[in-house]
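Take a look at the structure below.
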Amino acid sequence: MNIMDKIFVGLNEKQVEAVKAIEGPVLVISGPGSGKTRCLTHRVAYLISQGVPAENILAVTFTNKAAGEIKERVAKLLGTRGKDKAARTPLVGTFHSICLKILRQEIERLGYSRGFTILDADDQQALVKKISAEMEIDTKRFDTRGILSKISKLKTELTWPEQYHPTDFYPKLVGRVYAAYQKMLQAMNAVDFDDLIGLTVKLFREHPEVLKKYQQRFQYILVDEYQDTSHNQYQLVTTLAREHQNLFCIGDDAQSIYMFREADIRNILNFRHDYPESRIVLLEQNYRSTKNIIAAAQAVIANNKNQIPKELWTANDTGDKVVLKETVNERDEGLWIANMLESLLRQRYQLHDIAILYRTHAQSRAIEESLIASGFPYQIIGGIKFYDRKEIKDILAYARFLVNPKDVVAFERIINTPPRGLGASTSDKILGRAGTDLSISLAEHAAKAQGRQASALKEFTSLVSRFQELLKTKSPSTLFRTIMKEISYEAYLERQAGAEREQAETRIENVQELLTVAKRFDHLGPAGTAALLEEIALLQDMDRVKTGDKKVTLMTMHASKGLEFPIVFIVGMEEGLFPHSRSVLSPHELEEERRLCYVAITRAKERLYISFAKFRRIFGSASATMPSRFVGELPQNLIDIQLSEFGGESEIIDYA
DNA sequence: CTGTCGTTTATTTTT
DNA sequence: TAAACGACAG
């Protein structure tokens with residue numbers, strides 16, 4: 001089969017239209033399961049087959065996993081492999097990873113140096129807390145998270161501290177913290193997530209010659225999940241596409257679920273207006289789900305006012321009805337799931353065919369307990385992330401400090417971990433002016449230290465300088481192993497956990513796991529450590545989803561976007577939980593919850609199970625609940641209701 | 001400086 | 001419920 005046939009075989013008319021419309025702006029509205037990824041990959045392959053050099057193509061995805069998939073599938077379509085593959089693979093990545101690549105090349109023009117570090121949410125928090133303390137801001141009244149989220153909002157709007165001139169008290173306070181925070185970041189030679197995008201936009205605005213270079217390079221731009229782009233990302237993409245106007249955006253307004261993270265649905269709604277010449281393609285045929293599932297999803301989303309009109313349909317079988325199960329409480333819900341799994345496994349299904357979706361991570365616990373009790377293996381996506389664990393962050397903080405000795409946050413973390421008698425007052429003395437090399441400052445203070453601190457300081461200094469030597473000469477896993485040994489980290493963990501032996505054990509296992517990860521970077525030699533830190537910084541949870549393992553998958557509905565499973569359970573369908581109580585007051589947020597429900601329902605290919613409990617324990621105490629309003633929006637004729645067998649008060653008592 | 005203890009307090013989704 | 005914080009004694 002020649003390449004052309006391969007590219008178009010199995011595509012429907014609309015998909016072909018979307019793939020072939022190479023020149024000029026194109027917007028594709030793609031319903032769930034309508035072959036979005038196919039469309040994207042086939043288009044990239046088509047571009048290349050038409051003679052567009054791969055390096056002139058840029059594809060932006062939502063997750064690293066999606067990026068990998070696209071690269072792989074394009075290569076497969078074109079039949080390229082080995083050396084040829086590298087040459088013919090376009091740049092595909094998330095906004096963050098693409099911007100990181102650009103900034104690593106160009107950031108010196110903005111007054112940072114190229115080895116900058118990336119701060120995660122915890123680091124940001126630590127930094128803002130520190131600044132608040134210095135400014136004598138009462139963090140009880142003005143909590144760090146609130147300030148930080150306001151700063152993040154300003155950053156996504158591309159408002160830099162010097163452009164922000166509020167008049168009210170609180171915004172003024174935020175402005176002061178923001179200015180100090182940003183100054184601090186620069187002094188530390190660090191950027192946060194928002195900066196990755198924001199600084200790239202700034203770079204393009206202030207350096208037209210750089211912009212020109214990238215405009216020339218990226219003549220064809222594709223953006224996935226366009227409904228979830230934020231203002232800064234919108235600016236980035238439209239700026240890059242300004243020259244050639246070959247902008248291809250694909251998404252679905254009905255699946256926009258990241259408003260809370262500053263996603264701006266107007267980006268997709270205004271595309272027509274932004275590009276009057278644009279072509280718009282609707283992908284409405286669903287290849288994933290049964291007719292009943294699609295009808296249920298449609299019925300729910302129909303209650304939203306704001307949406308682009310479209311009619312999803314499928315040629316698939318009618319399938320089973322949606323099972324709606326009432327349970328007594330969340331424990332009963334867990335038991336029911338376990339029973340259902342047992343019965344599903346007796347049919348033609350396997351554990352990896354099954355996903356359990358919930359609104360909040362906290363809900364996973366009851367389900368886990370039941371799965372453990374009945375011996376079903378499972379994997380959880382999200383929750384407490386591996387790299388967010390204390391023990392992992394401790395070790396990584398050592399590495400981070402070695403790579404960037406201006407990293408105040410890492411320094412403050414390691415100076416007294418494990419405790420070595422160097423507390424807050426000692427560390428404050430060493431910090432001094434922002435932007436200093438703290439390893440040098442440390443050595444100076446150690447040299448002239450007197451009394452109790454002197455020996456501890458000297459010891460720490462020599463430790464650091466030995467580690468610095470190792471960073472330059474050894475591979476990451478050797479460096480990490482030496483660090484752990486020299487600071488007696490495992491002994492520290494055991495001491496910390498005290499009586500809870502199990503906790504110490506899992507922590508030690510986690511640290512060992514980190515060593516395994518580090519080994520993957522050993523082939524890069526001493527440079528591997530920095531590379532490892534970088535990968536971890538940009539790693540998303542979704543990237544850890546494994547599909548082959550024989551395990552049930554548990555995750556939030558948010559995390560399920562873009563995935564599909566033959567069997568889907570949606571649990572905790574109760575008013576206040578889903579829709580979440582914090583969103584019921586605002587019509588906009590309520591619509592977002594409904595879109596989330598739509599996303600969750602449309603993950604299912606063959607069977608959908610929805611459950612709600614009459615009583616649920618929330619924040620420690622049990623209370624009576626009402627079924628979610630979304631349950632009421634399901635058409636009666638599509639559902640098979642199973643009421644709980646028990647009524648009355650007895651289970652409340654049994655429960656508490 | 002360290003560790004403990006009681007108190008408080010917050011509980012959505014996350015690149 | 002549990003994590004996180006602050007006060008206080010050692």
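The sequence lines fix the lettering, A, B, ..., with proteins before strands; numbering per chain opens at 1.
- Taking atom CD on A:Gln227 and atom C1' on B:dT13, their separation rounds to 15 Å, with Å as the unit.
- Between the side chain of A:Ser586 and the backbone N or O of A:Glu589 there is at least one donor-acceptor pair closer than 3.5 Å.
- A donor-acceptor contact under 3.5 angstrom links the side-chain atoms of A:Arg359 to the base of B:dT13.
- Within the 6.0 Å centre-distance limit, the rings of A:Tyr492 and A:Tyr489 are counted as a close aromatic pair.
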**Request:** Report, as a single string ordered 5' to 3', how protein heavy atoms within less than 4.0 Å touch nucleotides 2-7 of chain C: B base, S sugar-phosphate only, - not at all.
**Result:** S--SS-
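- As a whole-Å value, the separation of A:Asp194 CG from B:dT15 P is 13 Å.
- Going from atom CG of A:Asp194 over to atom OG of A:Ser152 covers 3.5 Å, rounded to the nearest 0.5 Å.
- Results of the ring pair (Phe, Tyr, Trp, His ring centres under 6.0 Å) test with A:Phe578 over A:Phe612, A:Tyr358, A:Phe630 single out A:Phe630 as the only residue that passes.
- Using a 5.5 Å limit on the distance between ring centres and a 30° limit on the angle between planes, the aromatic ring of A:Phe62 does not count as stacked on the six-membered base ring of B:dT15.
- The residue among A:Ser583 and A:Gln233 whose nearest nucleotide of DNA chain B is located toward the 5' end is A:Ser583.
- As rounded to whole Å, 15 Å separates atom P of B:dT12 from atom CG of A:Leu596.
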Atom pairs under 3.5 Å: protein N/O with N/O of nucleotides 2-4 of chain B:
unit_1: B:dT2; atom_1: OP1; unit_2: A:Gly421; atom_2: N; d: 2.9
unit_1: B:dT2; atom_1: OP2; unit_2: A:Asn416; atom_2: ND2; d: 2.7

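- Using a 4.0 Å heavy-atom criterion, one finds that A:Ala362 contacts no nucleic acid atom at all.
- In terms of phosphate contacts, A:His580 brings no side-chain nitrogen or oxygen within less than 4.0 Å of OP1 or OP2 of B:dT11.
- Mapping A:Ser427 and A:Arg582 onto DNA chain B by nearest heavy atom places A:Ser427 at the nucleotide closer to the 5' end.
- Rounded to an integer number of Å, the gap from A:Met557 CE to B:dT12 C1' is 11 Å.
- In this structure, the ring of A:Phe260 has its center no less than 6.0 angstrom from the ring center of A:His580.
- Nucleotide B:dT13 holds its P atom 13 Å from the CZ atom of A:Arg261, rounded to whole Å.
- If you take atom C1' in C:dC5 and the same atom in B:dT12, they sit 23 Å apart, rounded to whole Å.
- Among the nucleotides B:dT15, B:dT14, B:dT12, the one closest to the side chain of A:His96 is B:dT15.
- Atom OH in A:Tyr358 sits about 19 Å away from atom P in B:dT11, given to the nearest Å.
- Counting non-hydrogen atoms of other residues, nucleotides and ligands closer than 6.0 Å to CE of A:Met135 gives a total above 12.
- One finds a side-chain N or O of A:Thr426 lying less than 4.0 angstrom from the OP1 or OP2 phosphate oxygen of B:dC1.
- Note on ring orientation: taking the six-membered ring where Trp is involved, the planes of A:Phe62 and A:Tyr258 are tilted (angle from 30° to 60°).
- Contact annotation for A:Ser425: backbone-only contact, meaning every heavy-atom pair under 4.0 Å involves sugar-phosphate atoms and none involves a base.
- With 3.5 Å as the limit, one finds a donor-acceptor pair spanning the side chains of A:Thr360 and A:Gln363.
- When the side-chain nitrogen and oxygen atoms of A:Thr556 are compared with OP1 and OP2 of B:dT14, one or more of them lie within a distance under 4.0 Å.
- Taking a cutoff of 4.0 Å between a charged side-chain nitrogen and a carboxylate oxygen, A:Arg145 and A:Asp143 do not qualify as a salt bridge.
- Stacking is not found between A:Phe260 and the pyrimidine-like six-membered ring of the B:dT14 base under the 5.5 Å centre-distance and 30° plane-angle cut-offs.
- Per the geometry, CG belonging to A:Leu148 stands 16 Å off P belonging to B:dT15, to the nearest Å.
- Rounded to an integer number of Å, the gap from CD of A:Gln363 to C1' of B:dT11 is 13 Å.
- Considering only residues two or more places apart in sequence or on other chains, A:Phe460 meets the ring pair (Phe, Tyr, Trp, His ring centres under 6.0 Å) condition with none of them.
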